[in-house]
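All heavy atoms count here, side chains included; hydrogens, waters and symmetry mates do not.
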Amino acid sequence: MMKIEVLTKYLSGHGGTETVISSVLNSISFATELFVAKPMPNVDWLEKINDSRITVGKYSDKRFLLFLIYHLIQNSSDEILILDTDTLKVAKFVKTLFKKKYKIVSWIHFSINDEKIVDEKELRKADAHLAISSGIKKQLMQLGIPEKQIFLVYNPIEKNTSLVNRNDSEQIRLKYVGRIQLEGQKNIKFLLEVVRQNPSIYINVFGSGEDLNEAKQIADNYGISQRIHWMGWSNDVWNDDEKYDALFLCSNFEGFPMVLLESISRGLPVISADCPTGPDDIIEAGKNGFLFKKNSLKDVQKCINSLVSLRTVPSLKVQNSIEKFYGDIYINNLERALSTIQNHG
């Protein structure tokens with residue numbers, strides 16, 4: 001049986017990447033291992049992983065590098081799926097110096113062009129690449145990586161048995177899930193502008209972050225605090241009884257926004273900025289949501305106006321619009337890609 005390892009320098013233990021990793025390790029038919037070189041703030045999510053060997057480093061200083069190198073020297077995996085280019089660089093060094101046979105496969109979970117932590121030179125050293133969106137595949141090809149070395153696999157999501165309650169009131173009820181970051185990736189300042197411009201919008205904001213207090217102050221200054229409910233961070237953001245029209249995402253960039261899949265898998269449509277990368281792989285206009293031009297209030301307003309038409313689309317139909325990301329279909333595509341890499345890569 002082929003042996004696969006997922007390896008990275010660091011994970012927070014809170015994000016969508018962790019959800020993807022646990023889903024893959026629990027579903028794939030190959031022997032699996034997870035190795036995280038540095039300590040994680042949250043390890044609770046590891047309890048969801050079955051039948052995989054899991055190693056989390058104890059050293060946050062330079063000793064973690066020795067720990068990683070020793071692990072790679074002893075490594076007996078056929079393929080190592082690596083989530084960051086710092087670790088990829090070390091894996092390539094060990095492979096060359098010690099004549100290791102493992103295949104190095106990059107598995108980057110964010111937009112390559114928008115993250116300064118990605119070393120494009122080191123990324124090219126991988127034997128193959130798993131692209132979680134068509135946008136990331138395009139970015140890899142722009143780096144000069146041959147298309148035959150890139151495998152578009154997307155990310156998996158479970159089809160949920162419980163559906164979100166859909167709104168039927170005159171108000172527009174939205175939901176936001178993510179970090180509270182005014183500028184940068186999450187672009188919460190634009191969300192506040194959207195609420196300011198449309199007095200029919202009410203939104204529940206799930207998440208925490210460095211800009212939470214400032215965001216609340218801006219909402220007060222705009223006179224919209226009564227229409228924004230700051231729900232805080234939660235282990236289960238979907239466990240509420242509120243009725244919604246859509247999930248709202250206004251990011252400047254993403255890798256593959258799992259929150260869109262999480263929403264649609266529960267029958268709730270989405271409205272998202274057409275940011276790189278991922279939303280255009282997920283959203284089918286008029287079927288499960290709408291895309292708007294990034295930072296365009298005019299475009300957002302068009303989407304808001306069209307939300308009423310989505311109220312007639314049954315939740316099950318919204319849910320079924322992302323079949324290619326569910327269960328066996330995803331795992332079959334991933335296993336086919338990994339087998340191809342092993343046999344021909």
Heavy atoms only: give me the nearest [X]-[Y] pair and the separation to one decimal.
X: S263; Y: P269; answer: OG-O, 3.7 Å
X: L310; Y: F290; answer: CD1-CE1, 3.3 Å
X: K137; Y: L152; answer: CD-CB, 4.4 Å
X: V313; Y: G286; answer: CG2-O, 4.0 Å
X: P257; Y: I282; answer: O-CD1, 4.0 Å
X: T85; Y: I117; answer: OG1-O, 3.4 Å

Ion pair present between [X] and [Y], side-chain N to carboxylate O less than 4.0 angstrom?
X: D211; Y: R179; answer: no
X: D127; Y: K103; answer: no
X: D119; Y: R124; answer: no
X: E323; Y: K159; answer: yes

Just by distance, do the side chain of [X] and the backbone of [Y] share a donor-acceptor pair under 3.5 Å?
X: T312; Y: S309; answer: yes
X: Q149; Y: P146; answer: no
X: S106; Y: A126; answer: no
X: S306; Y: K302; answer: yes
X: K294; Y: N252; answer: yes
X: K58; Y: P39; answer: no
X: S265; Y: E262; answer: yes
X: E335; Y: S29; answer: yes
X: D299; Y: K293; answer: yes

Any side-chain heavy atom of [X] within less than 4.5 Å of one from [Y]?
X: W45; Y: I49; value: yes
X: T32; Y: V6; value: no
X: T55; Y: V36; value: no
X: S52; Y: L34; value: no
X: I264; Y: L268; value: no
X: L291; Y: D280; value: yes
X: L247; Y: L260; value: yes
X: Y176; Y: F206; value: no

Check for me, please, whether [X] and [Y] land in the same ILVMFWY cluster - side-chain distances under 4.5 Å, paths through other members count.
X: V237; Y: W233; value: no
X: I329; Y: F30; value: no
X: I108; Y: F253; value: no

Pair [X], [Y]: side-chain N/O donor-acceptor within cut-off below 3.5 Å:
X: E242; Y: N165; answer: no
X: E183; Y: N187; answer: no
X: D84; Y: Y10; answer: no
X: S162; Y: R266; answer: no
X: K3; Y: S76; answer: yes
X: D236; Y: S234; answer: no
X: N305; Y: Q301; answer: yes

So with a 6.0 Å cut-off around [atom1] of [X], is the heavy-atom count from everything else above 12?
X: E170; atom1: CD; result: no
X: K125; atom1: NZ; result: yes
X: K189; atom1: NZ; result: no
X: R311; atom1: CZ; result: yes
X: K324; atom1: NZ; result: yes
X: D61; atom1: CG; result: yes
X: E147; atom1: CD; result: no

Among residues at least two apart in sequence or on other chains, which ones pass ring pair (Phe, Tyr, Trp, His ring centres under 6.0 Å) with [X]?
X: H109; result: W107
X: Y330; result: none
X: F248; result: F292

Inset, instruction - Identify, with sequence neighbours excluded, every residue that meets side-chain contact (heavy atoms from CB on, under 4.5 Å) alongside K138. - result: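 By the side-chain contact (heavy atoms from CB on, under 4.5 Å) rule, K138 matches Q142.
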
Legend entry - Partner residues of Q171 under the side-chain contact (heavy atoms from CB on, under 4.5 Å) criterion, sequence neighbours left out: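 side-chain contact (heavy atoms from CB on, under 4.5 Å) list for Q171, sorted by chain: S169, R173, Y202.
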
Legend entry - Aromatic ring pairing H71/F35, orientation class (parallel under 30°, perpendicular over 60°, tilted between): parallel

Legend entry - Residue that, paired with S111, satisfies side chain to side chain donor-acceptor pair (under 3.5 Å) out of E254, Q185, Q139: Q139

Inset, instruction - Verify the ring-centre separation between F93 and F98: is it less than 6.0 angstrom? - result: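 No, ring centres 6.0 Å or more apart.
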
Legend entry - K92: side-chain hydrogen bond (donor to acceptor under 3.5 Å, both in side chains) partners, not counting sequence neighbours: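 Counting only residues at least two positions away or on another chain, K92 forms no side-chain hydrogen bond (donor to acceptor under 3.5 Å, both in side chains).
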
Inset, instruction - Assess whether side-chain contact (heavy atoms from CB on, under 4.5 Å) is satisfied between N167 and Y244, documenting all intermediate values. - result: CA-CA 5 Å; N167 182 39; Y244 296 102; 5.6 Å; no

